[in-house]
Amino acid sequence: MFPEVESSSPLLANLNPEQLAAVTLPNEHALILAGAGSGKTRVLTTRIAWLLSTGQVSPGGVMAVTFTNKAAKEMMTRLQAMLPVNVRGMWIGTFHGLCNRFLRAHWRLANLPQSFQILDTQDQLSAVKRVIKQFNVDEERFPAKEMQWFISGCKEDGLRPSMVELRGEDVRKKVEIYQLYEDQCQREGVVDFGELMLRSYEIMRDDDPLHEHYRRRFRHILIDEFQDTNRLQYAWIKMFAGEHNSVFAVGDDDQSIYAFRGARVGNMADFVSEFQVRHQIKLEQNYRSHSNILDSANELIRHNQRRLGKNLRTTQGPGEPVRVYEAPTDLAEAQWIVEELRHLVRGEGPREGFPRNEIAVLYRSNAQSRVIETALFNAGVPYRVYGGLRFFERAEIKHALAYLRLLENPHDDTSFLRVVNFPPRGIGARSIEQLQDAARARGCSLHDAAGATTGRAGANLAAFIGRIVALRERTRDLTLRETIELMLGESGLIEHYKTEREGADRIENLEELVNAAESFVTQEGFGRDAIALPVDELAPGALTQSPVSQGLDPSLPEANQPAPDYVAPDADTGETLSPLAAFLTHAALESGDNQAQAGQDAVQLMTVHSAKGLEFDCVFISGLEEGLFPSERSMADHDGLEEERRLMYVAITRARKRLYLSHSQTRLLHGQTRYNVRTRFFDELPEGALKWLTPKDPGFGRSAFGYGSGYPTTRQYGGGGGGAYSGERFASPPVPQQKAAPSHGLKAGMKVFHTKFGEGTIASLEGQGDDARAQVNFPRHGVKWLALAVAKLTPVD
DNA sequence: ATCAGATGAATTTTT
DNA sequence: TTCATCTGAT
């Protein structure tokens with residue numbers, strides 16, 4: 001259709017035939033099955049660039065949706081590099097980011113305050129807890145966590161309380177609580193993540209002009225990681241697509257690993273049939289791994305029955321074999337990993353060493369990181385663990401944000417409760433309960449009910465509210481930075497943490513919050529006129545003016561004036577959000593980095609889930625044991641097992657050059673030694689691609705006893721029926737872990753004092769009696785081995 | 001109001 | 001085992 005572009009455009013250079021075909025598909029629905037490492041992001045961004053540069057659509061007519069902020073950012077960066085277009089004005093973002101933008105623009109229609117705030121998972125849980133307390137719900141029968149899960153699940157399925165099928169007394173009660181929770185959120189002017197999606201879906205669905213407007217606007221809708229979409233997201237996309245727009249969905253059913261949070265792989269098949277997709281393209285050319293690694297992945301995933309079908313291929317040679325190692329204990333496994341990766345870092349003969357951050361150690365569950373961390377620590381190898389609390393999730397940051405939210409909206413009871421007595425100011429649980437009763441009786445917020453309380457508690461409450469009111473007044477004309485600085489002082493947070501033992505780190509984080517706000521202001525361009533440039537000015541040069549804007553409803557100026565996230569102008573007045581409200585939104589939608597020294601050259605430790613989308617030269621997959629991987633909980637049903645296999649597939653395909661698979665005969669789990677059999681996934685890998693570093697166990701235990709308790713009898717592995725554990729399982733029982741009798745009273749992790757080296761931390765202990773030695777890490781002198789019989793080590797509290 | 005000690009639960013994660 | 005949450009005593 002556009003031959004001159006296809007042959008000449010540098011955009012399309014170096015695409016393989018499948019990629020080229022995908023990028024240049026006609027304006028119709030398409031499903032791109034993109035295997036791991038097949039250049040999926042490239043196809044997605046090049047597709048957008050191609051559509052724009054051939055004049056088939058203007059920047060305002062494109063919507064590109066991802067799941068993570070990281071992916072959205074990457075797409076924008078890449079697109080920016082290809083075309084002189086203002087990507088920040090385009091609708092490229094996460095589902096929730098775009099929903100937020102949509103609801104900010106149409107807040108009246110959505111029946112929300114303009115500066116509505118977003119509850120993250122923590123906030124949502126405490127909101128649910130409040131409902132449960134408030135209405136005397138039996139917490140035994142309806143735990144808050146379960147209710148939260150129920151509510152989120154309903155929303156993900158697009159179900160309002162009135163729409164939930166009432167089967168059984170329990171469900172009826174749950175729906176009742178769901179409704180109460182909804183009322184509470186509405187009263188307080190807050191929305192949870194699910195609500196962002198559901199509310200934007202509903203208002204567009206139910207408002208014809210709006211519906212018409214947006215359908216005319218977005219001619220091209222592109223979705224990344226389509227296999228991860230839930231029911232509601234699918235419906236949301238379908239609604240935007242209407243009859244005439246084209247949906248370009250990219251995904252990989254083999255990498256669907258988020259069923260537990262509502263993802264429906266089935267959306268891919270539904271998409272094909274419901275949208276009558278005529279164009280399906282498979283991207284099977286892998287640019288990442290050697291063929292031994294790829295063959296292993298292919299062979300493994302072939303064992304899944306429900307697949308759309310795909311086989312990765314590479315032009316790279318076989319590369320090195322996949323190395324398999326069996327350890328007697330989890331500790332030994334960790335030590336082997338450390339030993340091996342030191343070789344990798346050092347290099348061997350002619351081979352250069354690998355940078356540490358090109359080496360990843362993966363595991364199924366977070367708890368497994370501990371042993372590995374210990375081993376790395378003892379060996380003095382720098383490492384970085386992914387996961388854990390992110391910046392905006394830390395307690396001190398949440399506290400600070402709660403104060404800020406109260407400035408923006410005094411009726412935000414979640415925030416009110418978080419800080420009403422933090423730092424402590426004599427408002428105990430008693431007074432708070434009274435306050436809550438008063439608020440409920442009058443149907444108002446805690447803030448408004450405070451006047452009704454009396455006595456000393458009443459005075460303290462009045463003082464607290466006075467403080468907030470005064471702060472709000474004083475910050476009225478301040479910049480965001482000044483506002484936060486003033487709040488940190490006035491709230492007493494800094495003061496409080498100064499007296500706390502581990503307060504220094506927290507204060508540092510609070511200071512970091514000021515920086516975060518500062519860079520947010522700079523990036524979003526507050527106070528400048530960078531907000532709303534017309535599309536035409538944003539797309540100079542090569543970009544053809546397209547007729548897409550014709551037919552757009554001029555009463556919806558937002559649609560014609562793209563704006564960065566968070567500052568979407570109100571559709572009626574063009575008024576933008578205050579920097580503070582925008583920053584709070586940013587904090588909820590982008591929980592920040594997984595802290596840790598990112599810059600350092602360190603080995604990367606993470607779960608297989610968090611490794612999705614990443615790649616490394618060398619990958620270790622550890623703990624490959626039945627019950628762990630596949631996890632016990634997922635082994636019961638077929639779908640669960642297939643998802644575990646996909647998880648393993650994801651893990652394998654992370655590796656570029658070297659892949660190690662390891663398992664251990666025994667493992668300390670929940671304080672007890674567990675005896676594990678190597679995972680069944682080993683039996684599903686091509687023998688020719690593997691190299692067994694330890695003799696391959698003939699599978700004695702396996703054939704005789706099956707896969708251990710909990711494993712359902714199947715045709716494939718049947719016979720055993722799953723017996724109880726017993727020592728007989730092993731031909732030669734593993735040597736029990738030596739635990740030194742603690743005659744010296746020292747333990748790893750203890751702080752000790754040495755007369756010459758000063759204070760240090762015990763990294764490990766070895767030997768017994770007179771031979772006992774301790775490895776101690778001294779900040780000044782480094783790591784030392786000290787014989788306890790000689791060196792005097794005294795424990796420091 | 002605060003803290004020690006008991007108790008119980010313990011995949012996977014983004015927004 | 002480790003973590004968080006709850007309880008009861010000070």
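The chains referred to below are lettered A, B, ... by the order of the sequence lines, with proteins before strands, and numbering in each begins at 1.
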Qualifying residue for salt bridge (charged side-chain N to carboxylate O under 4.0 Å, His left out) with Asp254(A), from Arg646(A), Arg307(A), Arg645(A): Arg307(A)
Rounded distance (Å) that lies between atom C1' of dT14(B) and atom CD1 of Ile118(A): 14 Å
Along DNA chain B (nearest heavy atom to each residue), the more 5'-positioned of Lys70(A) and Ser431(A): Ser431(A)
Ring-face cation of Arg418(A) near Phe416(A) (centre distance under 6.0 Å, axis angle within 45°): no
d(CG, Asp192(A); C1', dT14(B)) in whole Å: 14 Å
Heavy-atom side-chain contact between Phe67(A) and Thr229(A) under 4.5 Å: yes
Partner of Glu333(A) by side-chain hydrogen bond (donor to acceptor under 3.5 Å, both in side chains), out of Gln665(A), Gln368(A), Arg667(A): Arg667(A)
Rounded distance (Å) that lies between atom P of dT14(B) and atom CD of Gln122(A): 14 Å
Phosphate OP1/OP2 of dT14(B) contacted by Asn69(A) side-chain N/O (<4.0 Å): no
Side-chain donor-acceptor contact under 3.5 Å, Tyr383(A) with Gln604(A): no
Worked verdict on Arg104(A) versus Thr585(A) for side-chain hydrogen bond (donor to acceptor under 3.5 Å, both in side chains): CA-CA 11 Å; Arg104(A) 296 284 173 200; Thr585(A) 303; 2.7 Å; yes
Whole-Å gap separating C1' (dT15(B)) and CG (Leu196(A)): 8 Å
Pair Glu195(A)-Lys155(A), salt bridge (charged side-chain N to carboxylate O under 4.0 Å, His left out): steps then yes or no: CA-CA 7 Å; Glu195(A) 190 67 24; Lys155(A) 292 190 181 185; 2.8 Å; yes
Length of the line joining Glu225(A):CD and dT15(B):P, which is rounded to integer Å: 12 Å
Base versus backbone protein contacts along nucleotides 5-13 of chain B [heavy-atom cut-off under 4.0 Å; B, S, -]: -----BBBB
Protein-nucleotides 2-10 of chain C N/O pairs closer than 3.5 Å?
none

Point-to-point distance, once rounded to the nearest 0.5 Å, from CD1 of Ile237(A) to OH of Tyr201(A): 12.0 Å
Separation of dT14(B) C1' from Leu119(A) CG (nearest whole Å): 16 Å
Given DNA chain B, 5'-ward residue of the pair Gly428(A) and Glu393(A), judged by closest heavy atom: Gly428(A)
Arg261(A) NZ/CZ over Tyr258(A) ring centroid, <6.0 Å and within 45° of normal: yes
Integer-rounded Å distance: dT14(B) C1' and Phe226(A) CZ: 18 Å
